[in-house]
Amino acid sequence: MAKVRVDTGCSKAEVYTHGAHVTAFEKTGEAPLLFLSEASEFHGDKPIRGGVPVVFPWFGPREGMPMHGLARLAEWSWVGSELMPDASVTLRFRLPADGRYEVDFVVTVGAVLTMELLVSNTGSGEFRFENCLHSYFQVGDIHRVRLIGLRDLRYRDQLSGEEMLEAGEAIRFDSEVDRIYQDSGNLVEIEDPVLGRVIRVHKSGSRSTVVWNPWIAKSQRMPDFGDEEYLRMVCVESGNVRANAVTLPPGQRSSLRVEIDSVPAT
Ligand code: TA6
């Protein structure tokens, strides 16, 4: 499968044209920021397990259709790249045209990783869709991780179907977690004392944050995911899902933008 490799001197990244799928991002001298399963498949009819799956035009299951939409299974075109004045590199990928919408995914690799999903409504009527950059982050030990930035938000617990309120300052993990936080803010921090860093997920154009760790039983049921890999990853996903879905008038364009960086843990 075709991929683009970028080495800016201060960071490296890889993006497959299959799904416009960012599979790697790391800063020189630091552990990778993105997690990629060692058991991932790389076939046209499967999503790559890890990195940043592009979820569009729906999130989750849909009767008779692929989980998490069509974009992550599509063969995108690499339509351009640019060396920026700050020595970062911008790559642009385009989803095959659909008549109702045009979709570009713009990845900028530099001191930070920036990804922007641009959806234009090229049809004659309103276009309603869900989108999500389903980012898998690498952590040292999930038992020691704390997520900060979701306090006081309502969320749907995907395991129980219940609507809940996040009362805690930090989210910690001791079992499977699968939550869709609605109307979320623009910054979530992943505190990782084992790797001695805080991963910062800044976003704009996104009102939903999804948090997922499959834990033990689900990991064992996933053929493209190692039984122990849940220990070294957490998904913090930025998008607009369920009640936060986007309704785009004809001729308008939506932007979902995520910036990923890390700072040393204090
Ligand atoms: O991350 C939220 C979620 O919807 C989980 O329920 C889990 O299914 C995950 O996405 C991965 O989905 P996938 O289709 O990539 O196995």
Side-chain angles (χ1 to χ4, degrees), residues 1 16 18-23 34-74 105 115 117 129-139 142 145 147 149-150 153-164 166 171 173 175-182 184 188 190 199 201 203 206-245 256 258 260:
M1 298 174 82
Y16 282 81
H18 175 63
H21 201 128
V22 179
T23 51
L34 297 180
F35 165 87
L36 182 66
S37 172
E38 291 170 7
S40 179
E41 302 201 45
F42 290 87
H43 302 301
D45 60 347
K46 298 272 189 189
I48 296 169
R49 175 68 66 189
V52 184
V54 177
V55 176
F56 172 85
W58 66 84
F59 179 92
R62 177 168 289 190
E63 185 65 37
M65 301 293 279
M67 179 82 169
H68 287 333
L70 305 169
R72 67 176 184 168
L73 295 175
F105 187 51
M115 299 171 285
L117 184 66
F129 63 93
E130 295 172 301
N131 58 10
C132 189
L133 298 183
H134 189 303
S135 306
Y136 288 68
F137 294 96
Q138 179 156 323
V139 298
I142 191 64
V145 162
L147 293 192
L150 297 166
L153 294 179
R154 287 178 299 108
Y155 68 88
R156 173 183 166 82
D157 185 323
Q158 294 281 80
L159 305 175
S160 66
E162 291 180 289
E163 296 294 327
M164 311 286 285
E166 184 55 66
I171 296 167
F173 299 83
S175 61
E176 180 178 359
V177 171
D178 191 349
R179 301 176 184 172
I180 301 176
Y181 289 84
Q182 299 291 12
S184 57
V188 173
I190 305 169
I199 297 176
V201 184
K203 62 179 187 167
S206 159
R207 292 188 298 159
S208 310
T209 298
V210 183
V211 176
W212 179 55
N213 184 285
W215 216 250
I216 300 168
K218 186 157 194 180
S219 296
Q220 291 169 345
R221 294 197 301 269
M222 292 158 57
D224 60 349
F225 190 82
D227 291 355
E228 304 288 313
E229 289 190 314
Y230 75 95
L231 291 166
R232 300 197 313 277
M233 55 70 69
V234 65
C235 281
V236 176
E237 309 158 33
S238 307
N240 298 281
V241 305
R242 297 180 67 86
N244 287 151
L256 164 59
V258 172
I260 295 169

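Remember, it's a predicted structure, so these values are computed and weren't measured experimentally. Remember, it's 1-based here, ligands and their atoms both numbered in the order they're listed.
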### Message
Can a donor-acceptor pair be found, under 3.5 Å and without considering hydrogens, that links the side chain of K46 to the backbone of S40?
### Response
no

### Message
Considering non-hydrogen atoms of the protein only, which is the closest contact for atom 14 (O) of ligand 1, and what is the distance?
### Response
R72 NH2, 2.8 Å

### Query
Is it the side chain, the backbone, both or neither of K218 that has a heavy atom closer than 4.0 Å to ligand 1?
side chain

### Query
What closest approach, in Å, do S37 and F225 show between heavy atoms, and which atom pair accounts for it?
OG-CA, 3.5 Å

#### Entry: Sub-3.5 Å N/O-N/O distance, H68 and ligand 1
yes

### Task
Provide, to 0.1 Å, the distance between atom 1 (O) of ligand 1 and the closest protein heavy atom, together with that atom's residue and name.
E237 OE2, 2.6 Å

#### Entry: The single option from I190, V22, L34 passing side-chain contact (heavy atoms from CB on, under 4.5 Å) against I260
L34

### Task
Tell me which protein heavy atom sits closest to atom 16 (O) of ligand 1, plus the residue, atom name and distance to 0.1 Å.
R49 NH2, 2.9 Å

### Query
Do Y16 and F42 have ring centroids that are under 6.0 Å from one another?
yes

### Query
Is the backbone of Y230 close enough, under 3.5 Å, to the side chain of N213 for a donor and an acceptor to pair up by distance?
yes

### Query
Among protein heavy atoms, which sits nearest to atom 5 (C) of ligand 1, and what does the distance come to when rounded to 0.1 Å?
D178 OD2, 3.2 Å

